[in-house]
Amino acid sequence: MTSTVTPTATDPAEVYRDGLAHGELRYQRCAWCSTRFSSVSLLCATCGGADFVWERSSGRGRIHALPGPLGPGDRQERTAVVELDEGFRVLAKLAPTAAHRIWRGAPVRLEVAETDDGSLRPVFRPIAA
Ligand SMILES: [Zn+2]
């Protein structure tokens, strides 16, 4: 379920990073038209509104698209467009997963991974049996 976040920071990028540090994906919802955005916006692309509410995603969604072909080796890291249950899409890495568990429509769950430079990024793990 979604819930509203009361940010402790004013910098949207920091609010987003704070979310990852808590293991959650935060996103902005336009206060005027309720369009949800996965990336930080100053103006709503739908209605031009400038008021946003922060919410946290359930972290559950489905693979919407898989850009590019599967490479050699079936546990290679892949990128996917994931549609979250809240109705917005993000482009993110998939956690290393056997290729037969990755398909369009496969359910996925958010995990937070640390990159080589120590920053955090969202990754999605297919959870189909
Ligand atoms: Zn709007």
Side-chain angles (χ1 to χ4, degrees):
M1 298 308 291
T2 62
S3 55
T4 305
V5 176
T6 305
T8 52
T10 51
D11 177 6
E14 200 175 326
V15 177
Y16 178 79
R17 282 196 303 267
D18 265 7
L20 291 180
H22 288 85
E24 59 191 39
L25 183 66
R26 295 179 180 176
Y27 62 93
Q28 291 180 306
R29 177 172 59 80
C30 175
W32 293 80
C33 71
S34 290
T35 302
R36 293 168 166 88
F37 296 94
S38 62
S39 57
V40 171
S41 314
L42 295 177
L43 287 177
C44 173
T46 301
C47 74
D51 291 331
F52 292 95
V53 178
W54 281 96
E55 292 182 340
R56 65 173 62 87
S57 168
S58 65
R60 290 179 177 273
R62 289 178 180 277
I63 294 174
H64 176 73
L66 291 161
L70 262 180
D74 82 347
R75 293 184 67 82
Q76 200 183 34
E77 200 174 54
R78 296 207 63 195
T79 299
V81 178
V82 171
E83 181 160 290
L84 278 304
D85 283 358
E86 290 79 20
F88 66 96
R89 292 171 189 165
V90 296
L91 180 66
K93 297 277 190 194
L94 295 176
T97 307
H100 71 271
R101 301 182 67 171
I102 300 174
W103 71 93
R104 280 177 57 175
V108 293
R109 187 184 58 208
L110 173 75
E111 292 181 3
V112 176
E114 195 168 331
T115 61
D116 291 342
D117 65 7
S119 61
L120 299 173
R121 68 166 190 203
V123 299
F124 287 89
R125 180 175 297 281
I127 53 174

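Whatever order the structure lists ligands and atoms in, that order sets their numbers, starting from 1. Along the sequence shown, residues carry numbers from 1.
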| Taking everything shown except Arg104 itself, do over 12 heavy atoms lie less than 6.0 Å from its CZ? | no

| Can you name the residues that form a side chain to side chain contact (heavy atoms under 4.5 Å, CB included) with Thr79, not counting sequence neighbours? | Leu91, Lys93

| Euclidean distance, Arg56 CZ relative to Thr4 OG1, rounded to 0.5 Å | 8.5 Å

Could you list the donor-acceptor pairs under 3.5 angstrom formed between side-chain atoms of residues 106-117 and any protein atom two or more places apart in sequence or on another chain?
from: Glu111; atom 1: OE1; to: Arg125; atom 2: NE; distance (Å): 3.3
from: Glu111; atom 1: OE1; to: Arg125; atom 2: NH2; distance (Å): 3.3
from: Glu111; atom 1: OE2; to: Arg125; atom 2: NE; distance (Å): 2.5
from: Thr115; atom 1: OG1; to: Asp117; atom 2: OD1; distance (Å): 2.5
from: Thr115; atom 1: OG1; to: Ser119; atom 2: N; distance (Å): 3.3
from: Thr115; atom 1: OG1; to: Ser119; atom 2: O; distance (Å): 3.1
from: Thr115; atom 1: OG1; to: Ser119; atom 2: OG; distance (Å): 2.9
from: Asp117; atom 1: OD1; to: Ser119; atom 2: N; distance (Å): 3.0
from: Asp117; atom 1: OD1; to: Ser119; atom 2: OG; distance (Å): 2.8

| query | Counting only protein atoms, how many N/O/S atoms are less than 2.8 Å away from the Zn ion (ligand 1)? | reply | 4

| Mind checking whether Ile63 and Leu94 have side chains closer than 4.5 Å, heavy atoms only? | yes

| note | Applying side-chain hydrogen bond (donor to acceptor under 3.5 Å, both in side chains) to His22 and not counting sequence neighbours gives none

